[in-house]
Amino acid sequence: MAFKELRNRGYFARQNFMCCQSCGWAEISEAEAENAVFYHAQDHADYKRGDDLYLSWSGNGHEIVRVLESFGVAVDWNGSDSTRIIVKNNSII
């Protein structure tokens, strides 16, 4: 639901997208890359093993966090454009 809302707000928002972060960014067009949020297959595998989920993103990190939290997703992020947003493992995404 949170990713659908991000898409409604103009983000390229995908779950379990591509194999890794490098391939994910390479697959996204330049226009889409301006506002994007995704996690890739390696992130998803780690999450299923009990680790936190790391989101790759661009755009407005504060907006992304607000949307995720509005759907009950527990996140951790230091507010820096250079760090990934963390979805805590006890959250359902």
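Both backbone and side-chain heavy atoms feed into the values below; hydrogens, waters and symmetry mates do not. Along the sequence shown, residues carry numbers from 1.
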(message) F17: which residues meet the ring-ring contact (aromatic ring centres under 6.0 Å, His included) condition with it, sequence neighbours left out?
(response)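 Only F12, F38 meet the ring-ring contact (aromatic ring centres under 6.0 Å, His included) criterion with F17.
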Are [X] and [Y] close enough that some pair of their side-chain heavy atoms sits under 4.5 Å apart?
{"X": "I64", "Y": "L6", "value": "yes"}
{"X": "I85", "Y": "V65", "value": "yes"}
{"X": "N60", "Y": "Y11", "value": "yes"}
{"X": "L55", "Y": "V87", "value": "yes"}

(request) Report the residues that fulfil side-chain contact (heavy atoms from CB on, under 4.5 Å) with C19, sequence neighbours left out, ordered by chain and then residue number. (result)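 Scan of C19 (side-chain contact (heavy atoms from CB on, under 4.5 Å), adjacent residues dropped) gives C23.
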(request) Taking all non-hydrogen atoms of both residues into account, name the closest pair between A36 and E32 and its distance. (result) CB-O, 3.6 Å
(request) Locate the shortest heavy-atom distance separating D43 from R84; write the atom from each residue and the value. (result) OD2-NH2, 2.6 Å
Suppose we screen for side-chain hydrogen bond (donor to acceptor under 3.5 Å, both in side chains). Which residues come up paired with [X], at least two apart in sequence or across chains?
{"X": "D46", "value": "R49"}
{"X": "K88", "value": "D52"}
{"X": "R66", "value": "none"}

Say you draw a straight line from [atom1] of [X] to [atom2] of [Y]; how long is it, rounded to the nearest 0.5 Å?
{"X": "S22", "Y": "H40", "atom1": "OG", "atom2": "NE2", "result": "8.0 Å"}
{"X": "Q15", "Y": "H44", "atom1": "CD", "atom2": "NE2", "result": "8.0 Å"}
{"X": "K48", "Y": "L53", "atom1": "NZ", "atom2": "CG", "result": "11.5 Å"}

Under 3.5 Å, side-chain donor or acceptor atoms of residues 68-78 against the rest of the protein: list the pairs with distances, not counting sequence neighbours.
| from | atom 1 | to | atom 2 | distance (Å) |
| --- | --- | --- | --- | --- |
| S70 | OG | V67 | O | 2.7 |
| W77 | NE1 | S80 | O | 3.1 |
| W77 | NE1 | T83 | O | 3.4 |
| W77 | NE1 | T83 | OG1 | 3.4 |
| N78 | OD1 | S80 | N | 2.9 |
| N78 | OD1 | T83 | OG1 | 2.8 |

(request) Identify whether I28 and Y54 are in the same connected component of the hydrophobic contact network (ILVMFWY, side-chain heavy atoms under 4.5 Å). (result) no
(message) Main chain of Y39, side chain of S56: is a donor-acceptor contact present, judged purely on distance under 3.5 Å?
(response) no
